[in-house]
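In what follows, a structure is listed as structure tokens, so that the remarks can point back to it.
Everything quoted here is computed from the prediction, not taken from an experiment.
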Amino acid sequence: MYNIKFLKYNDSEYAKVKAIRTAVFTKEQGADAECEFDGYENSADFLLLYDGGQAVATSRVIKNEKGYKIGRIAVLKEYRGKGYGAVIVRAVTEKAFESGADKVYVDAQNHAVPFYEKLGFTVIGEELIDRGLVHTPMMIEKEKYYGS
């Protein structure tokens, strides 16, 4: 069974966020390590998903000039295929809506676009490069998410 915890940059468990993102993005996917932890870290809300006592997935939500954006969604390789990706995307999306968002944005890695489409996100722009990885901008509106 899983458990979800929200935290901030200065929380002692933030080290687990860093460890998961480093394992997934920089070691496994080859993302630019110098860009992985950016200027949004100190203002973001982070999510850690636990399987038993083990932190296995993470994500964050930030507020930028566009609005609310989720990202840095990572599930440790050995825990993939258990639905944890969808759990954390829904949790951070709901956190953004609860914080006042009318729309939530994500830059999805291209291989994950169908995953986000199943969760209700739609493509809204052209491909871009983030940390050396190709992404596609996507968005979901609050009324579509909640079925209003």
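- With rounding to the nearest 0.5 angstrom, the CE atom of Met138 is 9.0 Å from the CG atom of Leu119.
- Residues Asp51 and Lys82 form a side-chain contact, since some pair of their non-hydrogen atoms from C-beta on lies under 4.5 Å apart.
- Residue Ala96 comes nearest to Tyr68 through the heavy atom pair CB-CB, 3.9 Å, listed as atom of the first residue, atom of the second, then distance.
- With contacts defined as side-chain heavy-atom distances shorter than 4.5 Å, the pair Val123/Glu117 qualifies.
- Pairing each heavy atom of Ala74 with each of Ile88, the nearest pair is O-CD1, 4.2 Å.
- At least one side-chain heavy atom of Thr93 sits less than 4.5 Å from a side-chain heavy atom of Ile140.
- Using a cutoff of 4.0 Å between basic side-chain nitrogens and carboxylate oxygens, Glu141 and Lys144 are not scored as salt-bridged.
- How far CG of Asn42 is from OH of Tyr14: 9.0 Å, rounded to the nearest 0.5 Å.
- Among residues two or more places apart in sequence or in another chain, the side-chain contact (heavy atoms from CB on, under 4.5 Å) test is passed with Asp107 by Lys69, Leu128, His135, Pro137.
- In terms of the side-chain hydrogen bond (donor to acceptor under 3.5 Å, both in side chains) criterion, residue partners of Thr136 (sequence neighbours excluded) are, by chain and number, Asn110.
- Scanning all heavy atoms of the two residues, the minimum distance from Arg21 to Glu41 falls at NH2-OE2, 3.0 Å.
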Residues Val17, Asp11; criterion side-chain contact (heavy atoms from CB on, under 4.5 Å); working and verdict:
CA-CA 10 Å; Val17 170; Asp11 190 296; over 6 Å; no
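- Looking at every heavy atom in both residues, Thr26 comes nearest to Ala33 through CG2-CA, 3.5 Å.
- Side-chain atoms of Arg72 come within 3.5 Å of backbone atoms of Glu36 as a donor-acceptor pair (strictly under, hydrogens ignored).
- The side-chain tip of Lys5 does not point at the ring of Tyr50 from less than 6.0 angstrom away and within 45° of straight on.
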Evaluate Thr58 against Lys16 for side-chain contact (heavy atoms from CB on, under 4.5 Å), listing each step before the verdict.
CA-CA 9 Å; Thr58 188; Lys16 295 175 184 177; over 6 Å; no
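- Note on residues 83-133: pairs passing ring pair (Phe, Tyr, Trp, His ring centres under 6.0 Å), not counting sequence neighbours, are Phe97-Tyr145, Phe97-Tyr146, Tyr116-Phe121.
- Applying the side-chain contact (heavy atoms from CB on, under 4.5 Å) rule to Ala44 yields the partners Phe46, Arg60, Ile62; only residues at least two apart in sequence or on another chain are considered.
- In this structure, Lys8 and Asp45 have side chains that are in contact, with non-hydrogen atoms separated by less than 4.5 Å.
- Grouping Ile, Leu, Val, Met, Phe, Trp and Tyr residues whose side-chain heavy atoms lie under 4.5 Å apart, directly or via other members, places Val134 in a hydrophobic cluster with Ile129.
- Using a 4.0 Å cut-off between charged side-chain N and carboxylate O, Glu98 and Lys142 make no salt bridge.
- In this structure, the separation between CG on Leu133 and CZ on Phe25 is 8.0 Å, given to the nearest 0.5 Å.
- Closest approach of Ala57 to Ile20, counting heavy atoms only: N-CD1, 3.6 Å.
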Would Lys103 and Lys66 satisfy side-chain contact (heavy atoms from CB on, under 4.5 Å), going step by step from the backbone distance to the final call?
CA-CA 10 Å; Lys103 300 173 185 174; Lys66 247 177 136 173; over 6 Å; no
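- Residue-environment remark: OH (Tyr79) exceeds the threshold of 12 foreign heavy atoms within 6.0 Å.
- A cation-pi arrangement is present between Lys18 and Phe37 under the rule of less than 6.0 angstrom and at most 45 degrees off the ring axis.
- Residue Met1 is found outside any hydrophobic cluster, as its side-chain heavy atoms come under 4.5 Å of no other Ile, Leu, Val, Met, Phe, Trp or Tyr.
- In this structure, CG on Leu48 lies 10.5 Å from CD on Gln54, to the nearest 0.5 angstrom.
- Both Phe6 and Val61 are members of a single hydrophobic cluster when ILVMFWY side chains are connected at heavy-atom separations under 4.5 Å.
- Remark: Arg131 does not engage Glu34 in a salt bridge, criterion side-chain N to carboxylate O under 4.0 Å.
- Cluster annotation: Met139 and Val104 are assigned to distinct hydrophobic clusters (Ile/Leu/Val/Met/Phe/Trp/Tyr, side-chain heavy-atom contacts under 4.5 Å, transitive).
- Cluster annotation: Val89 is not connected to Tyr40 through the hydrophobic network of ILVMFWY side chains, with a link wherever side-chain heavy atoms come within less than 4.5 Å.
- Of all heavy-atom pairs spanning Leu47 and Leu49, the tightest one is CD2-N, 3.9 Å.
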